[in-house]
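Below is one structure, written out as structure tokens, with a few remarks after it.
The sequence lines fix the lettering, A, B, ..., with proteins before strands; numbering per chain opens at 1.
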Amino acid sequence: MASAYAEQVQRAADAGIGESVAAWFAAGHRPLPWRATGFPAWGVLVSEFMLQQTPVARVIPRLAEWLERWPEPAALAAVPPGEAVRAWDRLGYPRRALNLHAASVAITERHAGVVPEDIEALLALPGVGPYTARAVAAFAYGIRVPVVDVNVRRVLARAVRGVGEPGPARTTEELALMESLLPADAPTARLANAGMMELGQTVCTARTPDCARCPIAAACAWRAAGYPAYTGPAAPRQKPYAGSDREVRGRILRELRASELPVPASRVAELWADAVQRERALAGLLADGLAVAVDDAYALPTA
DNA sequence: TACACGTGGCT
DNA sequence: TAGCCAAGTGT
């Protein structure tokens, strides 16, 4: 079936997009910590957890602290989960800290303390999804697997499909597309994976793409089509944070992190006036395991 | 599939 | 300045 889409994919492969991006990345990129030679797989895993929906600039200092304190999975597994939540500080989405702690326990118990390199084994770890599993396999172990994040999705949408935005995720199709563009040898494939992410983050950005600096501008289907406005299904809108349950949860958890002792319910009550919403947020934190009740007080989880 | 889930910087 | 956006995952 020679669909228009199949033709687009073939054209992209013929243009050598994967090879071009790999060469562009190899010629120069930001010296991010997890790209350093010899950076441990555990460090890559921790960085990928922290980078889930969190900008690079906010991750870098926190990552250094974590790896100094917990240089290997067994070290993190040896402390209570609440310590992970506390050290997570204000990176956001604190259940990532809980998942990372649980992952460290699983790695210690099931994988002899070594971060697995098999995709299926990685996917079995709590908090590790399709993106993180492939990122660890590709970047920590040099395995030739397609890595697709929001940046890669945007580059693929524009360069290959000729549309301005990636739209709703179609994981299987996008993985297959990235796979088809990956250079054959593993080292170059890794450069292509990292390069596509770097390209999407620094050049082919969501709001203001800088096509003058793009290594694949000549092969870009979106550019060739005259940058048509996006007409596909709208991406789901993010709901306002102010006044949301998320804000209440964040405020409560911030108080728990700051206290070595359980925080009295009376103090928690001062954090949010609306009692119904406050209790809902508190119940959510307890259900998620981010907090535990101690008599008439609340604390970070100790086990 | 759609939605919940933190936080802060940028335009 | 209000909304957009950020190396996603779990349900």
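For the pair A:Leu45 CG and C:dA7 P, the computed distance is 18 Å after rounding to whole Å. Counting to the nearest Å, the C1' atom of C:dA7 and the CZ atom of A:Phe25 are 12 Å from each other. Here the P atom of nucleotide B:dG9 and the CG atom of A:Leu91 are 13 Å apart, to the nearest Å. Between the C1' atom of B:dG6 and the CZ atom of A:Arg62 lies a distance of 14 Å, rounded to the nearest Å. In this structure, CG of A:Leu290 is placed 11 Å from P of B:dT7, rounded to the nearest angstrom. In this entry the distance linking CD of A:Gln201 with P of C:dA7 reads 4 Å, nearest Å. Per the geometry, CH2 belonging to A:Trp272 stands 13 Å off C1' belonging to B:dG6, to the nearest Å. In this structure, A:Trp88 atom CH2 and B:dC5 atom C1' are separated by 13 Å, rounded to whole Å.
For the P atoms, the distance from B:dA4 to C:dC4 is 16 Å, rounded to whole Å. Taking atom P in both B:dG8 and C:dT9, one finds a spacing of 23 Å when rounded to whole Å. Taking atom P on both B:dC3 and C:dA7, the two are 23 Å apart, rounded to the nearest angstrom.
Using a 4.0 Å heavy-atom distance criterion, A:Pro240 is classed as making no nucleic acid contact. Using a 4.0 Å heavy-atom distance criterion, A:Arg90 is classed as a sugar-phosphate-only contact. As judged by a 4.0 angstrom heavy-atom cut-off over every strand, A:Leu253 is placed among residues making no nucleic acid contact. A:Val150 comes within 4.0 angstrom of sugar-phosphate atoms only, judged by non-hydrogen atoms across all strands, and of no base. Residue contacts shown for A:Ser47 are absent, as no nucleic acid heavy atom lies under 4.0 Å away. Counting non-hydrogen atoms under 4.0 angstrom, A:Ala206 reaches the backbone sugars and phosphates but no base. A:Pro130 comes within 4.0 angstrom of the backbone, heavy atoms only, and of no base. A:Arg154 comes within contact range of the sugar-phosphate backbone alone, with a heavy-atom separation under 4.0 Å but no base atom that close. A:Gly92 comes within contact range of at least one nucleobase, with a heavy-atom separation under 4.0 Å.
Between the side chain of A:Arg144 and the backbone N or O of A:Leu182 there is at least one donor-acceptor pair closer than 3.5 Å. Put simply, the side chain of A:Arg278 gets close to the backbone of A:Trp272: a donor and an acceptor are under 3.5 Å apart. For A:Asp295 (side chain) and A:Ala297 (main-chain N/O), no donor-acceptor pair under 3.5 Å exists by modelled atom type. In this structure a side-chain-to-backbone donor-acceptor pair under 3.5 Å is missing from A:Arg96 to A:Trp88. Within the 3.5 Å criterion, the main-chain N or O of A:Arg161 finds no donor-acceptor partner in the side chain of A:Trp222.
The phosphate of B:dC5 has neither OP1 nor OP2 within less than 4.0 Å of any side-chain N or O from A:Arg96. OP1 or OP2 of B:dT7 lies within a sub-4.0 Å distance of a side-chain N or O belonging to A:Tyr241. Taking side-chain N and O atoms only, A:Arg237 has a distance below 4.0 Å to OP1 or OP2 of C:dC4. Contact annotation: A:Arg257 side-chain N/O to B:dG6 OP1/OP2 distance is not under 4.0 Å. For A:Lys239, no side-chain nitrogen or oxygen approaches OP1 or OP2 of B:dC3 to under 4.0 Å.
With B:dG6, C:dA7, B:dC5 as the candidates, the nucleotide lying closest to the side chain of A:Asp149 is C:dA7. For A:Thr132, counting side-chain heavy atoms from C-beta on, the closest listed nucleotide (B:dG6, C:dG8, C:dA6) is C:dG8.
Side-chain contact check for A:Tyr93 and A:Arg246: at least one donor-acceptor pair (N or O, by modelled atom type) lies under 3.5 Å. Remark: the A:Asn151 side chain and the A:Arg154 side chain contain an N/O donor-acceptor pair separated by less than 3.5 Å.
Donor-acceptor pairing under 3.5 Å, judged by distance alone, is absent between the side chain of A:Gln53 and the base of C:dC5. The base of B:dG8 lies outside donor-acceptor range of the side chain of A:Arg58, with no N or O pair under 3.5 Å. Residue side chain A:Ser244 does not reach the base of B:dG6 through any donor-acceptor N/O pair under 3.5 Å, judged by distance alone.
Between A:Leu32 and A:Gly127, the residue whose closest nucleotide on DNA chain C is further toward the 5' end is A:Leu32. Comparing A:Glu247 and A:Arg207 along DNA chain B, the residue whose closest nucleotide (by nearest heavy atom) sits nearer the 5' end is A:Glu247. Residue-to-nucleotide proximity on DNA chain C shows that, of A:Val128 and A:Pro55, the 5′-proximal contact is made by A:Pro55.
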